[in-house]
Chemist: 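This is the structure, below, for whatever I ask next.
Chain A is the first sequence line, chain B the second, and so forth, proteins listed ahead of strands; every chain is numbered from 1.
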Amino acid sequence: MFSDASNFVQGVDTSFAIILGASLFFLVGITAVMVYFVVRYHKSRHPEAKDVHESRRLEITWTVIPTILVLVMFYFGWTGYKPMRSIPDEGIKVKAYAQMWSWQFEYENGKTSDSLVVPIDKAVVLDLISRDVVHSLYIPAFRIKEDVVPGRTNKMWFIGQKEGDYDIFCAEYCGDRHSYMLSKVVVVPEDKYTTWFNNKTTTDHPGLAVLKKNACLSCHSLDGTRIVGPSFKGIWGHEVEVITNGEERSVTVNEDYILRSVYDPNADVVKGFNQGQMISYKNIISEDEIKDIIEYLKTLK
Amino acid sequence: MSVALTQPVNFYQANKGLFSWIFSTDHKRIGLLYFYAIISFFLVAMMLGFLMRLELISPGETIMGAKTYNQIFTLHGVIMIFLFLIPSVPAFFGNFFLPIMIGTDDVAFPKVNLLSWWLYVLGGIFALLTLVVGNGPADTGWTFYAPYSVKTGTNVTLAVLAAFILGFSSILTGLNFIVTIHRLRAPKMGWFKMPLFAWALYATAWIQLLATPIIGITLLMIVAERVFGLGLFDPALGGDPILYQHLFWIYSHPAVYIMVLPAMGLISEMIPTFAKRTIFGYKAIAFSSLAIAFIGYFVWGHHMFTSGMSGPARVIFSVLTFLVAVPSAIKVFNWVATLYKGSIDVKTPLLFSLAFIFQFLVGGLTGLVIGALATDIHLHDTYFVVGHFHYVMFGGAGFAFFGALHYWFPKIWGKMYHEKTAKVAFTFMFIGFNLLYFPMLVLGIMGMPRRYYDYLEEFTTLNVISTVGSWILITGIILMIINLIQSKRTGGETTRNPWGGTTLEWQTPSPPPLHNFDAVPVVPEGNPYDHKQNKSI
Amino acid sequence: MSNFVLVNSGHNRDDEASKFGMWLFLFTELLLFGGLFLVYTIYRYLNSETFLYSSYELNVLLGTVNTIVLLTSSLTVALSITALQKGNIRLSLWLITATILFALTFLVIKYFEWSAKFEHGLFPGMDHYIQMLPGEKMFFFLYFFMTGLHGLHVIIGGVLLGYIMWEIKKKKVTPDNNIFLENGGLYWHLVDIIWIFLFPLFYLIH
Amino acid sequence: MADKNKSRHLPGDPTEHLIVPYKFHIGIWVGLIVLTVMTVLVSVMGLSLIAFSVITALIIAVTKAVVVANYFMHLKYDNKLITILMGVTLLLFVVFIAFTAIDYLTR
Ligand code: HEA
Ligand code: HEA
Ligand code: CUA
Ligand SMILES: [Cu+2]
């Protein structure tokens with residue numbers, strides 16, 4: 001765990017070691033003294049207690065020393081943290097989109113990916129954007145974490161210093177599948193990164209690409225299992241029971257219905273599912289893209 | 001003004017029947033009503049904790065689905081905090097003992113006291129209603145962060161209303177205690193003759209009074225937001241979810257001191273009694289309570305270090321967080337010094353007190369780790385934080401509560417508990433507790449986030465150890481409960497002052513009579529813990 | 001049962017304690033609104049222009065009249081305490097009645113203000129509201145929330161004063177034992193103080 | 001403290017309460033109305049200095065509140081303790097706003 005995966009590890013781990021060291025010292029010391037007193041002054045050994053009221057000297061000592069110590073701890077905490085705020089102007093800019101319950105990273109050339117691929121030894125600056133509730137992007141190996149708050153753009157940056165895959169967790173509770181909101185940072189050599197960065201072709205069906213890009217699949221499966229929303233398998237042309245304004249009715253899944261489901265998901269709520277989970281994608285997915293989705297859904301028999 | 005020589009009618013016998021309890025304005029009865037309610041909620045929430053540990057014994061689904069798990073930890077947190085720990089010590093021990101310890105026969109406003117009990121019940125009912133109506137209990141975590149708490153379909157509104165009502169109950173208790181302490185101390189009971197428990201309650205009461213309104217109004221805003229379907233923390237309206245977090249923690253950080261200060265007061269009572277000597281540094285302990293209460297108002301931002309808070313704000317909050325540790329340190333040092341040259345009688349309450357000191361140290365020191373900016377960035381919202389707060393809340397406040405339950409058991413019920421069984425139960429609890437929560441600290445350092453229903457393979461071993469710890473802990477707790485129930489029914493007789501305590505509650509019969517004393521209590525000269533001059537009692 | 005009396009008993013009459021308790025309660029009320037003022041401050045900072053612009057929708061004249069009505073009611077309640085202390089029970093009752101009437105006037109004026117806003121569809125969720133800019137929405141949400149909560153306090157205060165009148169009639173509250181009225185008065189003044197701040201913050205930020 | 005305990009069993013004790021005369025209250029009321037009219041004028045007449053009018057409005061509001069508390073609520077004649085505690089409460093309130101504002105202002 002004490003590897004140098006990012007430029008922050010050293011600062012954080014140093015302050016950690018210092019605070020932990022002082023803490024252990026006090027924990028062990030105080031416990032030992034306490035146990036010693038209990039044994040030494042047990043009533044069998046020390047039948048007559050002696051009153052000691054107070055000692056100004058002692059009180060001052062154990063007020064002043066801890067005060068100094070905690071200020072030292074603060075200082076190291078502060079220096080370990082400061083570089084995280086000094087975000088460089090230069091660097092690879094990536095937009096990190098969070099939504100229930102997936103991550104999506106958008107690069108400067110428009111390329112999107114569900115994992116964060118970065119070159120080694122280069123500064124990477126993330127704009128953190130939430131599409132629904134508060135999430136938090138956490139990379140334990142890099143010792144960094146920052147909340148992704150709707151309505152504002154927080155920033156975070158790092159330099160990956162060791163090749164490899166590192167976990168990304170969502171650290172702010174965000175609903176049912178919070179613990180599955182995982183991804184990876186992949187630190188690769190510069191040249192590998194460049195090839196990856198410039199390769200924009202995919203073999204996916206265009207509809208599937210849209211679904212992946214917008215993280216629809218974190219709630220809708222393609223194989224019939226129920227996650228949070230209804231599975232996409234075989235829905236095209238089927239009758240579904242929906243609740244519209246509190247009344248039940250049955251509709252056939254067609255172009256109109258899909259469009260409505262994506263742009264105004266709370267208008268018809270599929271029976272047995274919860275309203276309010278799915279957000280409206282009105283300004284996110286274009287009508288053309290929805291056509292692609294529909295074409296793709298038709299293929300899922 | 002004659003002194004009754006025969007054993008007077010105690011407060012249980014003075015009135016009979018259900019109504020003589022639930023509409024009683026006697027502070028002792030209200031205290032006991034609180035106790036039974038609090039302990040029931042506690043057992044429910046413990047069961048939930050136990051279920052969570054079972055689920056976490058292995059990755060993937062073990063016994064329940066993700067949604068259920070989320071609802072369970074929310075309910076666990078809400079009950080533990082709002083229905084157990086915040087009222088536990090003040091509303092039970094405080095109600096029962098504060099008037100006796102300062103030598104009066106009731107709190108300043110007995111009817112208001114009854115009202116706050118009924119509000120507590122109402123709040124509890126609301127919390128329980130979330131289980132049965134609508135879409136089930138809230139799944140937001142006890143922090144109710146917007147906007148998730150506004151979006152989810154579960155019974156957040158009810159849960160939030162429950163917390164709101166419980167807040168009012170807490171405010172009224174605090175108000176009552178402040179006025180009681182100001183106005184009703186016995187003649188000669190000067191401020192510095194008060195037992196330290198009363199000091200702790202006094203400091204706590206100010207937090208209850210002045211911090212709780214903020215959470216009240218914040219929760220109302222959440223309700224408004226859910227009722228109108230749009231609201232004050234919604235970016236689409238020009239709002240900001242971060243402001244919710246500020247408001248929530250303005251209350252909820254001071255609230256953690258509502259939980260621990262009275263518990264510290266209990267420790268300050270028990271240690272001198274069993275060390276058979278006066279407390280070391282009476283004034284330092286008394287003033288450090290006030291200092292903790294005061295500085296505690298200004299550190300709330302340390303829960304939000306990763307929320308994108310501004311640099312200067314982080315610095316201010318971090319520095320103040322560290323400063324609030326100093327008065328806690330003063331207390332710990334004074335307690336340990338009190339053992340010096342005592343004549344120590346190792347009874348169960350003392351064991352709990354020593355365990356308190358150890359576990360509070362672990363909890364407090366881990367608090368320092370997350371109070372530092374760099375390390376909190378890494379550890380925020382991981383199991384390290386879960387470990388930290390269980391150490392302070394359960395290992396600290398909870399253990400003090402159990403210790404005091406043994407300490408005052410003879411006074412409250414007039415029977416003595418079985419000492420050997422109590423010690424065995426304590427041993428199980430101590431070992432189980434540390435086995436349960438220590439691994440969490442390590443898990444947090446390794447990076448396991450909290451509120452995780454499922455986790456990566458590499459975290460399995462420690463989770464298993466933790467779950468096994470919970471079984472040992474349960475064994476201890478069940479044993480303790482059985483022992484106490486048994487002792488209450490068939491335990492040995494006790495005297496007025498089985499431990500040789502020096503504070504006023506030991507001058508009255510066990511259990512106390514309706515108006516608390518059978519003779520005008522004698523306020524000791526000097527400080528309230530002077531064992532020498534009170535030998536005669 | 002024992003036959004001695006503790007001097008300092010929670011069951012003795014203690015006016016000083018009652019008043020102290022009332023003040024403590026007022027502190028909590030102050031902080032309850034304090035939370036809202038905090039929200040107001042931050043949102044006003046984040047949306048300063050739209051707040052300014054929205055405040056023009058409010059009717060300064062009605063606001064001013066209401067401020068004066070509340071101030072006057074504060075006067076009458078203060079006078080009623082003096083009257084009771086001087087033993088002039090009839091005058092005291094009249095002054096409390098006047099206070100309650102002012103409270104009603106305040107509420108009636110508020111009612112007209114609110115209904116005007118309703119007609120313009122400014123209430124959260126109404127059609128005009130939905131088309132407003134984010135900051136404007138926030139302004140009106142806060143306006144309704146804060147004046148609504150304040151109105152609730154006016155109602156509670158009025159009912160409380162009504163109950164005190166009844167107690168005076170029943171001779172439970174007397175010239176010698178007037179702490180209940182004093183506490184009622186304290187509550188009423190607090191309601192007034194809160195309005196003293198609401199008024200400039202919503203109506204006068206031109 | 002002990003001395004006070006004794007006296008409070010004499011309700012209506014003339015030393016306990018200072019009865020504030022009617023005229024005095026009416027005078028205070030006139031002052032408050034004048035202040036109210038002043039704020040409205042400052043704001044409506046505008047002087048079109050935005051910051052200026054907000055600050056004056058608040059200063060006047062604070063003055064009014066202090067007057068109401070001191071005279072209508074008898075804070076001035078009451079136990080000093082209440083005034084001190086009121087001060088603590090207001091201090092907390094100010095700190096709550098100030099610390100939160102620091103976060104927003106220095107972002
Ligand atoms: C009883 C409850 C209680 C108590 C007493 C405390 C006490 C402290 N807490 Fe804790 N805390 C919680 C309950 C409590 N906490 C809860 C419930 C949460 C999580 C909320 C949530 O998110 O759900 C939390 C979270 C929490 C966080 C946020 C973590 C995060 O989410 O990122 C922080 C950060 O600063 C923190 C710090 C502290 C500190 C510095 C103290 C200090 O007061 C501790 C002081 C004590 C000591 C330091 C030990 C004694 C000292 C000595 C013997 C002297 C030697 C030491 C020195 C050199 C000074 N706590
Ligand atoms: C006083 C406070 C308190 C106490 C005592 C406890 C006690 C326990 N808590 Fe606590 N916990 C919290 C307060 C507390 N908790 C809070 C505030 C949270 C945060 C919630 C949130 O994130 O929103 C939390 C979160 C939390 C989590 C993290 C959940 C997550 O982030 O995913 C976990 C995980 O293991 C946990 C476990 C436990 C366990 C195993 C116990 C054990 O101590 C329980 C052991 C005891 C028993 C198992 C009961 C034994 C009794 C019986 C079996 C009944 C028998 C009946 C009779 C004899 C009549 N708790
Ligand atoms: Cu996203 Cu948790
Ligand atoms: Cu805190």
Chemist: Do any N or O atoms from the side chain of A:S280 and from the backbone of A:Y263 form a donor-acceptor pair under 3.5 angstrom?
Modeler: yes
Chemist: Is a salt bridge present between A:K95 and A:D127, judged by a nitrogen-to-oxygen distance below 4.0 Å?
Modeler: no
Chemist: Go through the side-chain N and O atoms of B:T306 and A:D147 and say whether any donor and acceptor fall under 3.5 Å apart.
Modeler: yes
Chemist: In terms of heavy-atom proximity below 4.5 Å to chain A, should B:Y340 be classed as side chain, backbone, both, or neither?
Modeler: both
Chemist: Between A:I19, A:L71, A:T79, which has the largest tally of heavy atom pairs under 4.5 Å with chain B?
Modeler: A:I19
Chemist: With a 4.5 angstrom heavy-atom cut-off, could you sort out which part of A:Y180 is near chain B: side chain, backbone, both or neither?
Modeler: side chain
Chemist: Side chain, backbone, both or neither: which part of B:F233 has an atom under 4.5 Å from a heavy atom of chain A?
Modeler: neither
Chemist: Given heavy-atom pairs under 4.5 angstrom as the criterion, report whether the side chain, backbone, both or neither of B:V362 touches chain A.
Modeler: both
Chemist: State whether a side-chain donor-acceptor pair under 3.5 Å links B:T321 with B:H302.
Modeler: yes
Chemist: Using heavy-atom distances under 4.5 Å, tell me whether A:V134 contacts chain B through its side chain, its backbone, both, or neither.
Modeler: both
Chemist: Select one option (side chain, backbone, both, neither) describing which atoms of A:I139 are under 4.5 Å from chain B's heavy atoms.
Modeler: neither
Chemist: Taking every non-hydrogen pair under 4.5 Å, which of A:V133, A:I65, A:V33, A:L128 racks up the most with chain B?
Modeler: A:V133
Chemist: With a distance cut-off below 6.0 Å to the six-membered ring centre and an angular limit of 45° from the axis, does A:R131 pair with A:Y97 as a cation-pi contact?
Modeler: yes
Chemist: Would you mind telling me which of B:L350, B:L368, B:L373 has the largest number of heavy-atom pairs within less than 4.5 Å of chain A?
Modeler: B:L373
Chemist: Below 4.5 Å, heavy-atom pairs only: which of A:Y81, A:F26, A:Y41 has the largest tally toward chain B?
Modeler: A:Y41
Chemist: So, do A:Y173 and A:S136 sit near enough that their side-chain heavy atoms are less than 4.5 Å apart?
Modeler: no
Chemist: Out of B:L456, B:L323, B:D376, B:T338, which one racks up the most heavy-atom pairs below 4.5 Å with chain A?
Modeler: B:L456
Chemist: With a 4.5 angstrom heavy-atom cut-off, could you sort out which part of A:T14 is near chain B: side chain, backbone, both or neither?
Modeler: neither
Chemist: Counting heavy-atom pairs closer than 4.5 Å to chain A, which one of B:P147, B:A325, B:A372, B:A66 comes out on top?
Modeler: B:P147
Chemist: Please classify the contact of B:I279 with chain A as side chain, backbone, both or neither, using a heavy-atom distance under 4.5 Å.
Modeler: backbone
Chemist: With chain B as the partner, which of A:N154, A:L182, A:T63, A:D176 has the greatest number of non-hydrogen pairs under 4.5 Å?
Modeler: A:D176
Chemist: Tell me, for B:R450 versus chain A, whether the close heavy atoms (under 4.5 Å) come from the side chain, the backbone, both or neither.
Modeler: backbone
Chemist: Out of A:R85, A:M73, A:R177, which one racks up the most heavy-atom pairs below 4.5 Å with chain B?
Modeler: A:M73
Chemist: Looking just at side-chain N and O atoms, do A:S231 and A:S221 make a donor-acceptor pair shorter than 3.5 Å?
Modeler: yes
Chemist: Determine yes or no for a side-chain-to-main-chain donor-acceptor pair under 3.5 angstrom, with B:T375 supplying the side chain and B:G371 the backbone.
Modeler: no
Chemist: Check the side chains of A:T244 and A:D268 for a donor-acceptor pair under 3.5 angstrom, ignoring hydrogens and angles.
Modeler: yes
Chemist: Report which part of B:E458 has an atom under 4.5 Å of a heavy atom belonging to chain A: side chain, backbone, both, or neither.
Modeler: side chain
Chemist: For chain A, which candidate among B:S318, B:A329, B:A146, B:G65 shows the most heavy-atom pairs at distances under 4.5 Å?
Modeler: B:S318
Chemist: Counting only non-hydrogen atoms closer than 4.5 Å, does A:D167 touch chain B with its backbone (N, CA, C, O), its side chain (CB onward), both, or neither?
Modeler: side chain
Chemist: Return the option, out of B:V326, B:V336, B:D454, with the maximum number of heavy-atom pairs under 4.5 Å with chain A.
Modeler: B:D454
Chemist: Using non-hydrogen atoms only, which part of A:E146 is less than 4.5 Å away from chain B: side chain, backbone, both, or neither?
Modeler: both
Chemist: Checking side-chain polar atoms at under 3.5 Å, does B:D139 have a donor or acceptor matched by the opposite partner on B:Y148?
Modeler: yes
Chemist: For residues A:W103 and A:M181, determine if any side-chain heavy atom of one lies less than 4.5 Å from a side-chain heavy atom of the other.
Modeler: yes
Chemist: Is A:M84 in contact with chain B via its backbone, its side chain, both, or neither, using a 4.5 Å heavy-atom distance?
Modeler: side chain
Chemist: With no hydrogens and no angle check, is any side-chain donor or acceptor of B:T502 less than 3.5 Å from a backbone partner on B:P528?
Modeler: yes
Chemist: Highest number of heavy-atom pairs under 4.5 Å with chain A: which of B:V346, B:I242, B:T143?
Modeler: B:I242
Chemist: Is A:S15 reaching over with its side chain to a backbone N or O of A:G77, donor-acceptor style, under 3.5 angstrom?
Modeler: no
Chemist: Working to the nearest 0.5 angstrom, can you tell me the gap between A:Y138 OH and B:H380 NE2?
Modeler: 10.5 Å
Chemist: Is any side-chain heavy atom of B:F280 closer than 4.5 Å to one of A:L58?
Modeler: yes
Chemist: Looking at A:F8, A:W62, A:F37, which makes the most heavy-atom pairs under 4.5 Å with chain B?
Modeler: A:W62
